[in-house]
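Everything on this sheet refers to the single structure shown next.
Chain letters run A, B, ... following the sequence lines, proteins first and then strands; every chain starts at 1.
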Number of protein chains: 2
Amino acid sequence: MAATPATPKPEPDAPSRREELLRIAARLFAEKGFKNTTVRDIADAAGILSGSLYHHFDSKESMVDEILRSFQDELFAAYDEILASPDDARTKLERAVRLSFDAIHEHGPEVAIFQNDADHLGALERFGYLAERNAQSRAVWLTLLQEGVDTGVLRADLDLTLTYRFIRDTVWVAVRWYRPGGQHAHTEIADQYLTILLDGISAPA
Amino acid sequence: MAATPATPKPEPDAPSRREELLRIAARLFAEKGFKNTTVRDIADAAGILSGSLYHHFDSKESMVDEILRSFQDELFAAYDEILASPDDARTKLERAVRLSFDAIHEHGPEVAIFQNDADHLGALERFGYLAERNAQSRAVWLTLLQEGVDTGVLRADLDLTLTYRFIRDTVWVAVRWYRPGGQHAHTEIADQYLTILLDGISAPA
DNA sequence: GTCTATATAAAGATAGAC
DNA sequence: GTCTATCTTTATATAGAC
């Protein structure tokens, strides 16, 4: 084996240059939208010239691809863990909701990109997995909701398809205004959302 | 007065060419996003060449400006009518929610553009009115919610700022999947949403 | 890993003929 | 009101030097 003196192995905690660039790109994609962010924007924010980005990535699409894939892998692993748990239906629903707010807290840019650009990117073959993940998400939530109805913890008069769509859309929408370190902690927002979702805003009769 | 033989006055119901082009542009902006829609896309859909669009409009920005302004004028006039009505707090809240679903039904493209592109467009001076409308919307909903708490029809333990944000975001989000003539009528979706918002998804104890 | 320089394509917009 | 033709700017991406 010849000596390979160059590029020292990075510490596990020290993000590689590649990861750092992806983090910068994710922030910009989230703020301005994928299409509206230029490779020059990304390069400027990273303190290099646009051409230099192509040493690390094939294309702008490759960047957002890598960002979305790794986020979704992590997210769906967490959903699977909840589904497989022995918790009762209501607890699992609550955990799934809180998982969304945790994701908004820890991976805001990725969530925002997914919310804003997934529809449009999904039209490209390369992003076909987004539709698969969408179907998987639907299956997760409908399973949880059906289990809730079957065990009597949820009302039986709900249209589960509509309920699923509302929950799917509303657990993510706080990414539009939530900022870490702001007035409301993400756990507090999750509490308030669960209160409304489970019991409504009406005063008890 | 000299005779003016050209351009006959259009019937009030016959949309002018200008209005027809705006309708086409609105649909495309809603489907693909403002930035991602080219003037060539719009011209193609209208069956003309891109240069011809500039006979009708200054720029692509002018088009989306006109689309958003006229929609918001109509929407906020309707909010004002609800605020000024003698209905009780709960009825006014229900009317405001149903107004959103009516707007999604009748002005889907305009709602979608506002949801998807208003943040980004709002950064331009020309679209400063979007921030004003945003403040106005906040005032409308907070007024309705406060009146609901004061008259005892809403729970007193809600954080009204968070509740406002959730309602604001969630009454519009159905524009992502609702299609006129689809499986669920918009009135039916409004009913289901109001059920969840007012009373929650939990089974009664 | 970044820079210089540049190729190539796409997009917004304009001028004047019809 | 639309077309032909074209200008200008912006954007993605590449090649090779350092």
Side-chain angles (χ1 to χ4, degrees), chain A residues 4-11 14-26 28-29 31-68 113 117 120-121 123-127, chain B residues 4-11 14-26 28-29 31-68 113 117 120-121 123-127:
Chain A
T4 50
T7 50
K9 242 184 217 140
E11 294 299 310
S16 66
R17 181 68 169 143
R18 179 188 185 78
E19 281 161 348
E20 196 186 344
L21 292 171
L22 281 180
R23 203 181 45 75
I24 290 167
L28 290 171
F29 290 155
E31 277 172 14
K32 324 197 329 169
F34 174 71
K35 185 81 180 187
N36 204 25
T37 302
T38 71
V39 293
R40 282 183 179 82
D41 289 336
I42 301 167
D44 283 354
I48 60 179
L49 292 188
S50 64
S52 305
L53 276 179
Y54 290 84
H55 172 74
H56 302 275
F57 306 97
D58 275 353
S59 66
K60 196 172 87 162
E61 270 183 19
S62 293
M63 299 185 79
V64 77
D65 190 8
E66 196 165 331
I67 290 164
L68 288 177
I113 296 166
D117 292 307
H120 150 245
L121 290 173
L124 309 173
E125 276 182 51
R126 142 174 234 168
F127 294 97
Chain B
T4 51
T7 49
K9 241 185 218 140
E11 295 297 311
S16 66
R17 182 67 169 142
R18 180 189 184 75
E19 281 162 349
E20 198 186 343
L21 292 171
L22 281 180
R23 205 181 42 76
I24 290 167
L28 290 171
F29 291 156
E31 277 173 10
K32 324 197 328 168
F34 174 71
K35 185 81 181 189
N36 204 26
T37 301
T38 71
V39 293
R40 284 180 177 82
D41 289 335
I42 301 168
D44 284 353
I48 59 179
L49 292 188
S50 63
S52 305
L53 275 180
Y54 290 84
H55 173 73
H56 302 275
F57 306 97
D58 277 353
S59 64
K60 196 172 85 161
E61 270 184 19
S62 294
M63 300 186 78
V64 78
D65 190 8
E66 197 165 330
I67 290 164
L68 288 177
I113 295 165
D117 291 309
H120 150 245
L121 290 172
L124 308 172
E125 276 182 51
R126 141 174 235 168
F127 294 97

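B:Asp44 contributes no side-chain N or O that, together with a main-chain N or O of B:Asp41, makes up a donor-acceptor pair within less than 3.5 Å.
For B:Ala123, there are no side-chain contact (heavy atoms from CB on, under 4.5 Å) partners two or more places apart in sequence or in a different chain. Listed by chain and number, the residues in a side-chain contact (heavy atoms from CB on, under 4.5 Å) with A:Asn36 are A:Lys32, B:Lys35, B:His120 (sequence neighbours excluded). By the side chain to side chain donor-acceptor pair (under 3.5 Å) test, B:Glu61 is found to be paired with no residue, residues two or more places apart in sequence or in another chain being considered.
Going from atom CG of A:Leu53 over to atom CD1 of A:Ile24 covers 9.0 Å, rounded to the nearest 0.5 Å. From B:Asp117, atom CG reaches atom CG of B:Leu68 across 8.5 Å, with rounding to the nearest 0.5 Å. To the nearest 0.5 Å, atom CG of residue B:Leu22 and atom CZ of residue B:Arg17 are 11.0 Å apart.
Applying a 4.0 Å cut-off to non-hydrogen atoms, the residues of residues 35-46 of chain A that approach DNA chain D are A:Thr37, A:Thr38, A:Val39, A:Arg40, listed by residue number.
Here D:dT14 presents its P atom at 15 Å from CZ of A:Phe57, a figure rounded to the nearest Å. Nucleotide C:dG12 holds its P atom 12 Å from the CG atom of B:Leu28, rounded to whole Å. In this structure, A:Lys32 atom NZ and D:dT10 atom P are separated by 13 Å, rounded to whole Å. Across the protein-nucleic acid pair, B:Asp58 atom CG and C:dT14 atom C1' stand 12 Å apart, rounded to whole Å. The distance from atom NZ of B:Lys60 to atom P of C:dT14 is 15 Å, rounded to the nearest whole Å. Rounded to an integer number of Å, the gap from CG of A:Leu21 to P of C:dG1 is 9 Å. B:Leu124 places its CG atom 14 Å from the P atom of C:dG12, with the value rounded to the nearest Å.
Screening residues 38-60 of chain B for ring pair (Phe, Tyr, Trp, His ring centres under 6.0 Å) gives no qualifying pairs among residues at least two apart or on separate chains.
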What are the atom names and distances for every N/O pair under 3.5 Å that joins the protein to nucleotides 3-5 of chain C?
unit_1, atom_1, unit_2, atom_2, d
C:dC3, OP2, A:Leu49, N, 2.7
C:dC3, OP2, A:Ser52, OG, 3.2

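Of the side-chain N and O atoms in A:Tyr54, one or more sit less than 4.0 angstrom from OP1 or OP2 of D:dA13. For the OP1/OP2 pair of D:dT2 and a distance below 4.0 Å, the side-chain nitrogens and oxygens of B:Arg17 include at least one atom meeting the criterion. Note on B:His55: every side-chain N or O is 4.0 Å or more away from OP1 and OP2 of C:dT14.
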Salt bridge (charged side-chain N to carboxylate O under 4.0 Å, His left out) between B:Arg23 and B:Glu20: does it pass, once the steps are laid out? CA-CA 5 Å; B:Arg23 205 181 42 76; B:Glu20 198 186 343; 5.0 Å; no

